[in-house]
Structure formats: structure tokens, C-alpha cells
Amino acid sequence: MSNYHVVMEAAWLVRDVEDIDDAIGVAVSESGRRLNEADKEYVDVEVGLTDCPACGEPFDSAFIAASTALVGLVLEIEIFNAENEEHATRIAKSEVGGALRDVPLEVIQTVQTEEGEEEEA
């Protein structure tokens, strides 16, 4: 059994918003609240980055049209005692997906970690 760090991308829809910063704030806040209500405080939520097609520089993954925003969130979770990478991915999607119903999730990275390894702040 191994431990894994799983990173997922989520597409969060925010209605009735006119500013990118407000849309990002609402998306992070709402997703965090839903995860906390489901006792999933251990899931890290951040805004994703998208590369600019013109210059290649990364910018916040958010887009507004008709007062509706689509915000790309990055969700990170540690999975312990998984049989393999695929098993860790299924566990992560189940844990997060149960709390964030009707939110599209896609696993973008799964990395095996060593037992006892801790993240540095």
C-alpha cells in the first residue's frame, strides 16, 4: 500500500457576477464551504492557471460571459494506503466528488509519495 498526492481540476460556474476577482472569490468560497460541510477540510482549493494563447504567460483560469463565470479550480488531496495509482485516483474522485456533486472533475496529476513524507510550508 502506498500514499499518493492527487491533483484534480474542477469547473465551477458562478452566476450573476461582473468581475473576475469576485467570481474567483465566490468559486473558492462556495467550494470550500461545500467541502467543509462534508468534513473534507483536508482538500486544498486554489484557482487554476491557464496559459495565454498569445504570450504563453499564465493567468487565473476564469472567464466571464453574460454575467456568468466559469472558474477553473485546482483541488489537491493526499490519499493514504492505496493499492496503486488508479486506486488512489478513484478514491480521490469519490471523496471530492461526493462533496461537490454536479461539478465536473478531472484528475490532472497523481504522484506517489513516501510514507512519513510531509509537505514543507
Side-chain angles (χ1 to χ4, degrees):
M1 301 292 240
S2 300
N3 300 333
Y4 293 87
H5 181 83
V6 181
V7 181
M8 293 175 282
E9 185 176 49
W12 199 273
L13 201 61
V14 181
R15 298 183 190 283
D16 299 322
V17 69
E18 299 195 15
D19 181 66
I20 289 287
D21 291 332
D22 290 341
I24 290 170
V26 169
V28 171
S29 177
E30 285 181 359
S31 61
R33 180 184 50 79
R34 285 175 58 181
L35 287 163
N36 289 341
E37 286 174 354
D39 295 326
K40 309 281 188 234
E41 298 88 11
Y42 47 86
V43 178
D44 292 329
V45 180
E46 296 179 11
V47 178
L49 296 175
T50 300
D51 291 333
C52 174
C55 66
E57 290 294 317
F59 61 91
D60 289 337
S61 188
F63 177 78
I64 295 178
S67 296
T68 302
L70 178 63
V71 180
L73 297 177
V74 174
L75 309 168
E76 299 184 35
I77 184 172
E78 294 293 328
I79 302 297
F80 302 99
N81 299 320
E83 295 173 6
N84 53 39
E85 188 173 313
E86 182 183 337
H87 186 225
T89 299
R90 285 194 319 264
I91 293 169
K93 286 183 86 171
S94 174
E95 286 284 311
V96 174
L100 303 179
R101 297 213 181 275
D102 301 323
V103 175
L105 292 174
E106 181 177 325
V107 175
I108 55 176
Q109 183 181 34
T110 305
V111 178
Q112 185 173 355
T113 59
E114 294 181 24
E115 287 188 41
E117 182 179 302
E118 295 181 19
E119 286 186 31
E120 294 182 24

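When all heavy atoms of Val103 and Ala10 are compared, the closest pair comes out as CG1-CB, 3.9 Å. Closest heavy-atom contact between Tyr4 and Thr113: N-OG1, 3.9 Å. Between Ala88 and Ile79, the closest heavy-atom pair is O-CG1, 3.9 Å. Summarising the geometry of Val14 relative to Ala23, their closest heavy-atom pair is CG2-O, 3.7 Å, with the distance given to 0.1 Å. Nearest heavy atoms, Thr50 versus Ser61: OG1-OG, 2.9 Å. Contact between Gly56 and Asp51 at its shortest, heavy atoms only, is O-OD1, 3.8 Å.
Within the 4.5 Å cutoff, side-chain heavy atoms of Glu95 are placed close to those of Lys40. Side-chain contact check for Val107 versus Lys93: some heavy-atom pair is nearer than 4.5 Å. By the 4.5 Å heavy-atom criterion applied to side chains, Leu105 and Val96 are counted as neighbours. Contact check for Leu70 versus Trp12: no side-chain heavy atoms found under the 4.5 Å cut-off. Proximity of Ile77 to Tyr42: side-chain heavy atoms (C-beta onward) are separated by under 4.5 Å at one or more points. By the 4.5 Å heavy-atom criterion applied to side chains, Val26 and Val17 are not counted as neighbours. A heavy-atom distance below 4.5 Å is not found between the side chains of Glu37 and Leu35. Proximity of Ile64 to Ile20: side-chain heavy atoms (C-beta onward) are separated by under 4.5 Å at one or more points.
Around CZ of Phe59, the count of heavy atoms belonging to other residues, nucleotides or ligands within 6.0 Å exceeds 12. No more than 12 heavy atoms of other residues, nucleotides or ligands shown are found within 6.0 angstrom of CD on Glu18.
The backbone N or O of Glu85 sits less than 3.5 Å from a side-chain atom of Thr89, completing a donor-acceptor pair. The backbone N or O of Asp21 sits less than 3.5 Å from a side-chain atom of Asp19, completing a donor-acceptor pair.
Ionic pairing of Glu30 and Arg34 is not present here: no N-O contact between side-chain nitrogen and carboxylate oxygen is shorter than 4.0 angstrom.
A side-chain contact (heavy atoms from CB on, under 4.5 Å) with Ser31 holds for exactly one of Val71, Val45, Asn36; it is Val45.
Between the side chains of Gln112 and Ser2, a donor-acceptor pair is found at a separation under 3.5 Å.
Val7 and Leu100 fall into different hydrophobic clusters, where Ile, Leu, Val, Met, Phe, Trp and Tyr are joined by side-chain heavy atoms under 4.5 Å apart, directly or via other members. Hydrophobic clustering of Ile, Leu, Val, Met, Phe, Trp and Tyr side chains at less than 4.5 Å, counting indirect connections, keeps Val74 apart from Met8.
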task = Determine, step by step, whether Leu75 and Asp44 satisfy the side-chain contact (heavy atoms from CB on, under 4.5 Å) criterion, reporting the C-alpha distance in whole Å, the side-chain angles of both residues, the deciding distance to 0.1 Å, and the verdict.
result = CA-CA 5 Å; Leu75 309 168; Asp44 292 329; over 6 Å; no
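To the nearest 0.5 Å, atom CE of residue Met1 and atom NE2 of residue His87 are 6.5 Å apart.
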